[in-house]
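Read the structure below first, then the notes.
Letters A, B, ... are given to chains in the order of the sequence lines, protein chains preceding strands, and every chain is numbered from 1. Side chains are part of it too, since the values below use all heavy atoms of this structure and drop only hydrogens, waters and symmetry mates.
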Amino acid sequence: MTNYELIMKLALERGFYFPSCEIYGDAQAGFWEYGPRGVSMKNKFIELWRRELVRRDGMLEIDGSQVMSKSVFVASGHIGNFTDPIIKCTKCNSTFRADRYISEKTGENVPERMPDEEIDQLIKKHELKCQNCKGDFGNVSRFNMMFRVGIGPAAEEAYLRPETCQTIFVDFARVFKTMRGKLPLGIAQIGKSFRNEIAPRQSLLRLREFYQAEIEVFCNPNKLDDLPRFEEVKNTVLNISDESSTVNQVTAEEAIQKGILPNKLVAYYLALLNEFYSKTGIDMKRTRFRRLSDEDKAFYASIAFDFEVETSIGWLELVACNYRSDYDLKGHSATSKQNLEVIDPSDQTKVLPHIFELSMGIDRSLYTILEHCYFQDFEHENRLVLKLKPYLAPILVGVLPLMTKDGLAAKAEGIYADLKQDYDTFLDESGSIGRRYRRLEEIGTPFAVTIDKTTMEDDTVTVRDRDSMQQKRIQISQLNNFLQGALKDS
RNA sequence: GCGACGGUCGUCCAGUUUGGUCUAGGACAUCAGAUUGCCAAUCUGGUAACCCGGGUUCAAAUCCCGGCUGUCGCACCA
C-alpha cells in the first residue's frame, strides 16, 4: 500500500474525512466531508494559522459570502478569460477545446475569445469531424470552471466564488477605512471556494468545493523595501527553487541580496509562511518555494512562487504566493466605478495599493500533515502513530482507568469531567489498556492519563507520552499545568 | 470528458470464469459479557456488505444495458 492509500484508509476508519453523499449512487466526485476527527484537526490548524500569521502580523480577518454577483467576476477577469470554447462530438461525446482543435487541424489562428458563430463557421468551412469516430460536431458551447447560481425567482446570474480573495478585494475600501488601515495591511479570510473541475481526483487534493485560507497584503508599490518588521525574519532559512528547479537554501536576507527574491515585503511574508508551516509538523526538508515561469503563472500574477511539499504522490502545491500588482483593485475600480485609492498614512500620498497574496489550500495542507506525521513503529508490533503536534491533535488527552472496578472508573470520570472543559479529551474504559493506548495513537493523541490503584491512595496518575511510550507519575492537580505546557512549547 | 481496468460488512479480501449448494465466507476493526490488570493477550456471543437503476431468467453478487464512482493514462487544472 502506498502512503496515500494508508492515509485514506485511516481517514475512512477513524473519521477524519470521507466522500460526500456516499449513501447515494449519484454522488458526484470532488466533494468530501470532514468527520469529527477531521473537523477538530482543521479547527486547530486554522487557529495556528491565526496565531502565526494573522495575529502575529496584525492582519484583519473577514468572513464573506460564497455567492457573489456577476460583476465581481467580470471585473476579476474570470468570466472573460475563463470560459473555454468546447466542441462535442454528437456521436461519441468526445469533448475538445475548440480553439486548440481547429488550429491543430487547420493551422488557422483561433483566439480563445473568438465569437462562437465564427468558430462554428470555421468548423463547417473545414468540414472538421471527430478524430475518434469521424462523427459530426455540435455547436460550440462554453465551459466555465465557475458554478453559476440563479438568485431569486428570476434566477439572476451570480456565481459561487472560485477563490475567496475576491471578497477581500471588493471589501477592501470599507475595511481599510473603518479599521483605520495602514499600508502594508494584510486582510485574511478562511472560507470555501468552488471550482467545477473537469476531473476531480485524489480525495482532498483536488476538490470542487474546498477550503482556502487567503491573505491579501495591500501595499504601497513604492515602499516594498520599507518594512522595519523584516528584521524579525531576516535569518529565517528558506528553500527556494528557480525555474530550473535548483534549490537554494538561503536566509530571507541573503535571498534579497542575491536577487532570488525581489524585495523585503515578499521575503517577509514568505518567511512568515515558512515559519508557520514549520510548526505544523510538516517535514520542512521536503518543502520548497518554486518560482513559476511566465507560462505557469496565473493571468493576474507578475511574480509567483508556489510553496510545495513532497508527498508520496509527488510535489504538491499548498500555497500560491502571487504578486498581483494592481490588477485586482484596478479591475474592480473600473467595473464598479468606485475609486479604490487610499492615502498611505506614512507620507500622506494617494496610492492604488498593490497586492501580494498567500493563497493557502487548507484541505491539501491537512492531508500533507497527516502524511508527514504518519509513522509505523516496527519495534512495537507495527503500532501506528500519528505524530501530530499537540496543538493540532484532534484529541489532546485520553483518560483511561486501568480497570473499572474498585472505584477507578468513577475516579476517571471525575478527571475526564474536569479536563474536558478545557481540552479535547477522550474517556475510554473498555478493553485492554494496551489496545486503548494504540487507538489513541492512531488518531494522534499525544497523551494518555491512566488511573490505577495508586491513584486511589495518593491522587497521582501516570501520563504516557505517545512517541516515547514513557510514563511519568504526576499529581492530578498538576495535569492542567502539564497540558498547558505541552501545548505551548511544542 | 475520453480510454483501459475495477466497485462485495467500518477496512482488506474470497465468491463472478461455468447463474442455483450464497440464508454471501474469512481476517482485522467494532460492540457486549467473562478473565487479566500498564502496552494490539485469551475465551464466548453479537452487529455489519453484493455501488445505483433497468433488463434477461423458474432463479442474478455472478449475464446484458445505462448511470455514478475509484485507480491509471490522455486531456484539463485561474
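- Taking the six-membered ring for Trp, Y4(A) and Y367(A) have ring centres closer than 6.0 Å.
- Across all strands shown, rC39(B) forms no Watson-Crick or G-U wobble pair with both key distances under 3.5 Å.
- With the nearest nucleotide of RNA chain B identified for both K9(A) and R364(A), K9(A) has the one nearer the 5' end.
- Under the Watson-Crick or G-U wobble criterion, with both distances below 3.5 Å, rG20(B) is paired with rC58(B).
- Taking a 4.0 Å limit (strictly below) on heavy-atom distances, residues 187-217 of chain A reaches RNA chain B at R195(A), I198(A), A199(A), R201(A), Q202(A), R206(A).
- As rounded to the nearest Å, rU8(B) and rG25(B) have C1' atoms that lie 11 Å from one another.
- Residue Q28(A) is classed as a sugar-phosphate contact, given heavy-atom separations below 4.0 Å to backbone atoms only.
- The same atom, C1', is picked in rA48(B) and in rC9(B); the two are 5 Å apart, to the nearest Å.
- Taking only distance into account, the side chain of Y437(A) meets the base of rC38(B) through a donor-acceptor pair shorter than 3.5 Å.
- Taking the side chain as every heavy atom from C-beta outward, N196(A) and R208(A) approach each other to under 4.5 Å.
- Both cation-pi conditions hold for R288(A) and W315(A): the charged atom is under 6.0 angstrom from the six-membered ring centre and inside a 45 degree cone around its axis.
- In this structure, F172(A) and H332(A) have side chains that are not in contact, with every pair of non-hydrogen atoms separated by 4.5 Å or more.
- Nucleotides rG46(B) and rA14(B) are separated by 26 Å at their P atoms, to the nearest Å.
- rA49(B) sits 27 Å from rC43(B) when the C1' atoms are compared, rounded to a whole Å.
- Rounded to a whole angstrom, the distance from the C1' atom of rG7(B) to that of rG15(B) is 15 Å.
- Nucleotides rU16(B) and rU21(B) have their C1' atoms positioned 16 Å apart, rounded to a whole Å.
- rG10(B) sits 35 Å from rC76(B) when the C1' atoms are compared, rounded to a whole Å.
- Although no hydrogens or angles enter the test, the distance criterion places no donor-acceptor pair under 3.5 Å between the side chain of E216(A) and the main chain of I168(A).
- Of the residues in residues 370-384 of chain A, those lying under 4.0 Å from RNA chain B by heavy-atom distance are E381(A), N382(A), R383(A), L384(A).
- A side-chain donor from one of N322(A) and E357(A) sits under 3.5 Å from a side-chain acceptor of the other.
- Residues passing the side-chain contact (heavy atoms from CB on, under 4.5 Å) test with T425(A), sequence neighbours excluded: V397(A), V399(A), Y416(A), L419(A), K420(A), Y423(A).
- The only member of R383(A), R466(A), K387(A) that meets salt bridge (charged side-chain N to carboxylate O under 4.0 Å, His left out) when paired with E441(A) is R383(A).
- Distance noted for atom P between rG19(B) and rA60(B): 13 Å (whole Å).
- Using N1 to N3 plus N6-O4 or O6-N4 for Watson-Crick, or N1-O2 and O6-N3 for G-U wobble, each under 3.5 Å, rU44(B) pairs with rA32(B).
- At distances below 3.5 Å, not a single donor-acceptor pair connects side-chain atoms of Q189(A) with backbone N or O atoms of T167(A).
- Side-chain contact check for Y327(A) and S302(A): no donor-acceptor pair (N or O, by modelled atom type) lies under 3.5 Å.
- Computed from coordinates, the F147(A) CZ to rA78(B) C1' distance equals 15 Å when rounded to whole Å.
- rC74(B): Watson-Crick or G-U partner is rG1(B), with both key distances under 3.5 Å.
- A salt bridge does not link R37(A) to E442(A): none of the charged side-chain nitrogens sits closer than 4.0 Å to a carboxylate oxygen.
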Give me, pair by pair, the N or O atoms of the protein and of nucleotides 24-31 of chain B that are less than 3.5 Å apart, along with how far apart they are.
| from | atom 1 | to | atom 2 | distance (Å) |
| --- | --- | --- | --- | --- |
| rA29(B) | OP1 | R435(A) | NH1 | 3.3 |
| rA29(B) | OP1 | R435(A) | NH2 | 2.9 |
| rU30(B) | OP1 | R439(A) | NH1 | 2.5 |
| rU30(B) | OP2 | R435(A) | NH1 | 2.9 |

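- Across all strands shown, rC50(B) forms no Watson-Crick or G-U wobble pair with both distances under 3.5 Å.
- A salt bridge does not link R161(A) with E214(A): none of the charged nitrogens is closer than 4.0 Å to a carboxylate oxygen.
- Inspection of the Y159(A) and E157(A) side chains reveals an N or O donor paired with an N or O acceptor under 3.5 Å.
- We find that D452(A) and R473(A) are joined by a salt bridge, their nearest charged nitrogen and carboxylate oxygen being less than 4.0 Å apart.
- Between Y327(A) atom OH and rA78(B) atom P there is a gap of 14 Å when expressed in whole angstrom units.
- The distance between atom CZ of R473(A) and atom C1' of rC38(B), rounded to the nearest whole Å, is 10 Å.
- E22(A) pairs by the side-chain contact (heavy atoms from CB on, under 4.5 Å) definition with F18(A), P19(A), not counting sequence neighbours.
- Place D26(A) and E22(A) on RNA chain B by their nearest nucleotides, and E22(A) ends up nearer the 5' end.
- Judged by atom type and distance alone, R436(A) does not reach the base of rC39(B) through any side-chain donor-acceptor pair under 3.5 Å.
- Near RNA chain B, meaning a heavy atom under 4.0 Å away, the residues from residues 442-457 of chain A are E442(A), T450(A), D452(A).
- Checking rG6(B) for Watson-Crick or G-U wobble geometry (two distances, each under 3.5 Å) identifies rU69(B) as its partner.
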